[in-house]
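What follows is a single structure, written as structure tokens, with notes after it.
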Amino acid sequence: MNFEIEKAYEAKKYENDIYKKWEESGSFKASIDPKKEPYVISMPPPNATGTLHLGHAVMVALEDIMIRRARMQGKSALWIPGTDHAAIATQSVVEKKLQEQGIEKPREELGREKLLEEIRTFVEDSKDTIRNQIRKMGASCDWESEKYTLDEDLNLAVKTFFKYMFEDDLIYHGGRIVNWDPKMQTTVADDEIEYEEEKSKFYYFQYGPVVIGTARPETKFLDKVIVVHPEDDRYKDIIGKEFEMEWIDGPIKAKVIADECVDMKLGTGAMTITPAHSLVDFELAQKYDLEIEQIIDFDGKIREKVSEEFGGMHISEARDKIVEKLEKKGLVVKIDHEYIHNISVSYRGKGIIEPQVMKQWFIDVNKKAIDWKGKKMSIKEVMQDVVKSKMINIVPSRFEKTYFHWIDNLRDWCISRQIWWGHQIPMWYKVTKEQYEKFHEKKDRTSLILNILKIDGEAKFSEEKPEGDYWIQDPDTLDTWFSASLWTFSTLGWPEHTEKLEYFHPTEVLETGYDILFFWVARMILASTYCLRHDGLPEEKCIPFKNVYLHGLIRDRHGKKMSKSRPETCIDPLDMIDKYGTDALRLSLVIGSTPGNDMSLFEEKIAGYRNFINKIWNASRFALMNIDEEDLKKEFTPDMIKSHADKWVLTELQNLITEVDQDLEKFRFSDAGNKIYEFIWNQYCDWYLEISKGELKNPAVLLHVLKTILKLIHPFVPFVTEQLWSYINSETMLINEEWPQYDKSLTFEQESQEMKLIQELIGEIRSARSESGVEPAKKINATIYAGKFTETIQKNKDSISRLARIGELTISEKGEKLEKAKAIFIDQVEIYLPLSDMIDPAKEKVRIQKEIENKEKFIKGIEGKLSNKGFTDNAPKEVIEGEQKKLEEAKSTIAKLTEQLKSLSD
RNA sequence: GGGUGCUUAGCUCAGUUGGUUAGAGCGCCUGGUUUACACCCAGGAGGUCGGGGGUUCGACUCCCUCAGCACCCACCA
């Protein structure tokens with residue numbers, strides 16, 4: 001080689017240029033080619049807020065490994081990048097920013113259009129940031145296919161999805177109980193609620209014939225139903241009866257019903273229900289067709305209509321006053337002051353959630369509306385079927401259980417949100433002139449207004465404003481997951497049946513964190529199966545992906561969550577890239593992680609992989625220094641490679657290829673990476689390059705091994721390998737090279753065994769000298785009795801001498817034992833070295849005898865297993881053969897050990 | 001309350017359907033600049049695999065049980 005390669009790899013110098021080279025060459029693009037197998041990954045769209053964090057980094061690293069390998073395997077590998085508008089998250093980030101700038105109530109002060117404009121500007125900025133950061137990670141995604149959930153064509157997909165469902169009566173407008181945040185004036189998704197423990201009072205009131213317990217007296221004005229357990233002896237006699245009694249604002253009537261949902265042991269075993277402000281109560285009310293009346297308004301005050309005395313009063317104030325009044329009436333039985341319960345708090349706004357019944361849009365998950373495998377099935381059933389029938393495979397499989405459990409408890413999906421950022425619901429209401437004007441007076445236009453204005457008449461689906469006057473569009477927007485659920489196929493052109501959709505869908509694998517299995521993964525399954533089946537595609541084309549791979553969360557060194565509030569625990573991927581290079585970061589995120597399990601990351605780990613990157617660099621540099629320029633350009637045929645020595649390394653390499661392939665097929669990224677790491681460092685560098693020093697004149701093998709290694713590890717560490725490849729061949733790029741194939745003709749058992757023997761031999765000599773206390777630098781003379789391996793040892797005499805620091809190596813016939821020698825037994829080779837200490841032959845004998853005993857037991861066990869009919873009849877062939885193989889191996893080992901024992905006795 | 005996962009070397013973790021002497025990286029100790037690499041090389045110490053019980057010729061692995069930690073879901077009228 002006649003050019004210089006730098007002594008240490010400095011990632012920063014190369015990475016940007018390499019990425020540019022890839023991108024400009026068009027290597028990231030995938031073509032529609034019927035001869036090729038498609039391989040698609042839709043990148044989980046990062047939120048279009050903020051910046052890339054370690055979670056994204058893991059995602060990019062893993063997906064890039066899959067895509068690069070698939071591309072090298074000759075598949076049409078398409079990786080679609082994109083971003084998500086992240087409705088609530090984005091809007092609240094921007095609102096906060098505006099508030100910092102002095103705009104107290106952004107919605108009221110700016111109005112809808114202006115606020116949306118602010119958000120749009122913000123999003124454009126951060127989209128750019130994210131794009132660049134994904135590039136920094138080395139992602140080989142097709143930027144021309146990039147999508148954003150608010151793109152025109154994706155909007156159309158969203159509307160079509162809505163339309164389909166609306167027409168199928170799967171989307172309905174219903175008065176349902178929702179989590180209302182009075183502070184933020186919006187509903188909040190179940191997933192966005194946190195529970196906080198709180199100590200409060202628990203009241204016992206005389207309520208007609210029973211005593212009821214409650215923590216919320218302020219909701220109890222209009223309770224008219226007492227519920228008890230049907231088998232509760234205390235109340236058996238009163239079930240079904242109606243009573244008249246004194247209550248907060250005078251006498252009321254209440255009846256008693258029985259339902260099993262009541263816990264007899266809790267409180268007094270009797271309760272009253274408040275359907276409008278409690279989920280459980282609401283469901284009971286629906287079950288028994290009870291009246292539902294709002295007690296608390298949207299600001300958290302008692303409604304005027306409910307009580308003359310307390311109307312308009314905030315609940316926090318009303319509670320004590322109500323109790324006081326009841327006390328005067330002698331209805332308070334007891335107050336428990338030490339009651340601990342959970343209150344629901346909005347994750348973002350920190351407001352205390354008040355359940356409210358409001359008109360919202362829902363997706364019915366139980367209606368049987370999908371033609372699936374010859375039956376009409378509900379959304380729920382289809383979602384179960386695709387996983388149960390293994391059309392979709394979840395890794396790790398234990399999440400299937402979680403998935404099923406989630407579906408079993410799935411309620412209708414509330415898809416409307418009272419925010420503005422997102423897809424506005426394509427439903428229109430015909431209203432009166434008066435309502436129309438009132439509606440437009442208000443700047444804060446969410447469905448709250450509809451509720452207040454009591455607009456709940458006929459709604460009409462329409463993509464555009466319908467003909468005629470006084471139409472108002474539902475001011476709410478769709479849940480962000482509604483559009484995200486279409487991600488795999490809306491990004492391929494749906495609702496149009498494009499060639500792309502036809503060829504690339506379903507995608508190969510969805511790779512994401514386990515924390516969004518429910519939010520997103522499950523909903524993608526829902527949307528994809530529904531929409532595409534609706535279009536008449538065959539079932540197997542309707543799933544969004546064939547595999548789901550769930551990675552764990554990244555934690556700090558002590559397994560704690562990295563959190564922004566404790567910056568010292570946070571690792572910024574970009575800092576790490578700057579310091580150690582992208583390749584090092586990628587490896588540190590991939591190796592040592594197992595699917596579905598969280599992983600700790602800390603800087604030393606990344607530094608460790610940086611060292612490995614440098615090792616690859618230097619090993620390649622060294623190899624290249626030993627290959628002539630012209631040899632570099634030569635094409636060596638397999639036969640030419642075979643004819644050379646060093647067959648052992650070829651064998652090991654073939655084994656590596658097989659194992660790496662198996663691991664990657666099964667998503668064992670860490671194992672695959674580790675094996676390549678181990679091979680490069682311990683086999684290739686520490687043995688192959690070391691043992692060949694001095695006689696390293698074998699360009700065919702050297703180059704073959706180097707190229708293969710670079711290919712194998714390229715998906716993991718694309719930058720350094722691409723740079724090195726450019727020194728081998730400046731015309732081509734590694735990214736487009738062919739993935740190594742297992743080639744049996746390049747495996748040589750005999751040579752491989754011999755090399756293992758020599759490795760072991762040198763290792764033994766080294767440790768023997770270390771134990772003996774001989775100065776490490778001092779060369780010693782040694783005699784080896786090699787028996788039938790004499791030839792092998794002879795062949796490698798120089799290497800052995802050099803690596804084991806032997807001055808003079810005598811290879812001798814058996815029978816010339818040296819005095820005061822240390823004996824080492826390796827397989828059938830006996831080495832006698834003139835060192836001071838001797839191994840105690842008696843101890844050695846005991847050790848070998850013990851080992852023989854163990855072996856015999858082992859053999860007995862396997863023989864027992866093989867004679868067991870239950871086993872032989874049921875176990876697959878391979879397993880039985882494997883057992884037999886083990887048996888034979890064990891027997892031959894015993895024979896060897898026995899021989900050793902004999903020679904020791906001599 | 002229901003569920004899941006984890007507990008293996010000082011630290012972070014592997015351990016693929018039970019199999020022979022339980023592995024890696026970092027850290028630590030000893031020694032070494034040998035035709036790439038000190039971001040290196042050679043060697044070493046360190047583990048009764050959370051406790052207890054069971055199944056088995058054989059258990060880190062399977063079953064039961066207890067303890068600790070983490071997370072998810074539901075929810076207390």
Side-chain angles (χ1 to χ4, degrees), chain A residues 5 7-9 195 202 212-216 219-220 223 227 261-263 266-268 270-274 278-281 339-342 344 396 398-399 401-402 405-406 409 514-515 517-518 553 555 557-561 580 584 588 591-594 596-602 604-605 607-626 662-663 666 668 670-671 674 677-678 685-686 689-690 693-694 696 762-763 766-767 769-771 775-777 802-805 847 851 854-865 879 883 886 889-890 893:
Chain A
I5 300 178
K7 216 170 168 183
Y9 174 66
Y195 294 100
F202 192 76
I212 56 158
T214 182
R216 305 201 56 195
T219 64
K220 296 279 158 216
D223 286 8
V227 191
C261 75
V262 177
D263 183 351
L266 197 70
T268 58
M271 64 174 190
T272 62
I273 59 171
T274 314
S278 153
L279 175 68
V280 181
D281 293 1
Y339 180 67
I340 291 169
H341 71 143
N342 286 330
S344 322
R398 69 182 136 88
F399 279 97
K401 215 172 176 177
T402 329
H405 183 256
W406 183 78
N409 294 307
Y514 63 78
D515 52 333
L517 175 65
F518 305 138
L553 272 41
R555 293 165 179 277
R557 97 175 48 231
H558 303 293
K560 295 248 165 62
K561 252 186 183 167
Y580 302 105
S588 70
I591 296 185
S593 79
T594 40
N597 285 344
D598 294 350
M599 185 185 68
S600 294
L601 184 74
F602 39 93
E604 294 93 307
K605 199 166 171 178
Y609 288 107
R610 187 267 323 263
N611 296 355
F612 173 60
I613 302 296
N614 192 52
K615 189 75 181 174
I616 299 175
W617 180 261
N618 270 293
S620 309
R621 180 165 94 105
F622 181 61
L624 289 169
M625 274 161 43
N626 285 284
Q662 278 172 3
D663 284 338
K666 293 194 170 150
R668 296 191 296 243
S670 176
D671 287 358
N674 242 327
Y677 178 101
E678 202 274 338
C685 293
D686 294 346
L689 293 184
E690 282 302 327
K693 270 183 189 169
L696 197 71
I762 294 171
R766 277 169 170 168
S767 71
R769 21 181 330 150
S770 172
E771 275 168 41
E775 258 179 64
R802 188 163 43 78
L803 294 174
R805 301 203 132 259
R847 190 187 67 84
E851 208 174 311
N854 279 338
K855 277 276 160 354
E856 277 165 353
K857 266 191 193 167
F858 175 56
I859 288 172
K860 213 174 120 193
I862 293 188
E863 278 172 349
K865 204 170 174 183
V879 174
E883 293 291 316
K886 277 185 210 163
E889 272 171 22
T893 311

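Numbered from 1 within each chain, the chains take letters A, B, ... in sequence-line order. Keep in mind that what you see is a predicted model, and the values were worked out from it rather than measured. What's counted below: heavy atoms across the whole structure, side chains too, no hydrogens, waters or symmetry copies.
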**Q.** Atom-to-atom span, CG of A/D281 to P of B/C76 - whole angstrom
**A.** 8 Å
Q.
Please report the distance, rounded to the nearest Å, between NZ in A/K7 and P in B/C40.
A. 13 Å
Q | Selected nucleotide, minimal atom distance to A/Y677 side chain, candidates B/G25, B/A42, B/C37 | A | B/G25
Q. What about A/K615: does its side chain form a donor-acceptor pair under 3.5 Å with the base of B/C37?
A. yes
Q | Whole-angstrom distance between B/A59 and B/G3, as gauged at atom C1' | A | 27 Å
Q | Residue A/L279, side-chain heavy atoms: nucleotide from B/C37, B/C75, B/A14 that is nearest | A | B/C75
Q: Return the value, rounded to whole Å, for the distance between atom CZ of A/F602 and atom P of B/G25.
A: 14 Å
Q.
Taking the P atom in each of B/A42 and B/A24, what is the distance between them to the nearest angstrom?
A. 13 Å
Q: Just say parallel, tilted or perpendicular for the rings of A/W406 and A/F518, cut-offs at 30° and 60°.
A: parallel
Q) Is any side-chain N or O of A/K401 closer than 4.0 Å to OP1 or OP2 of B/U4? A) yes
Q: Report the nucleotide, chosen from B/U16, B/C41, B/C40, that has the shortest atom-to-atom distance to any side-chain atom of A/R668.
A: B/U16
Q: Between B/C13, B/A42, B/U16, spot the one nearest the side chain of A/S600, thanks.
A: B/C13
Q) At under 4.0 Å between heavy atoms, what does A/S620 touch on the DNA or RNA strands: base, sugar-phosphate, or nothing? A) nothing
Q. OP1, OP2 of B/U12 versus side-chain N and O of A/K605: anything below 4.0 Å?
A. no
**Q.** Separation of the P atoms in B/G10 and B/C49, to the nearest angstrom
**A.** 13 Å
Q. Looking only at N and O atoms, is any donor in the side chain of A/E690 or the base of B/A36 less than 3.5 Å from an acceptor on the other one?
A. yes
Q. Which dot-bracket string fits RNA chain B when only Watson-Crick or G-U wobble pairs with both atom distances under 3.5 Å count, crossing pairs get [ ], and | stands for a partner on a different strand?
A. (((((((..((((.....[...)))).(((((.......))))).....(((((..]....))))))))))))....
Q. Using atom C1' of each nucleotide, how far apart are B/A45 and B/C26 to the nearest Å?
A. 16 Å
**Q.** Contact check, side chains of A/E690 and A/C685, non-hydrogen atoms, under 4.5 Å
**A.** no
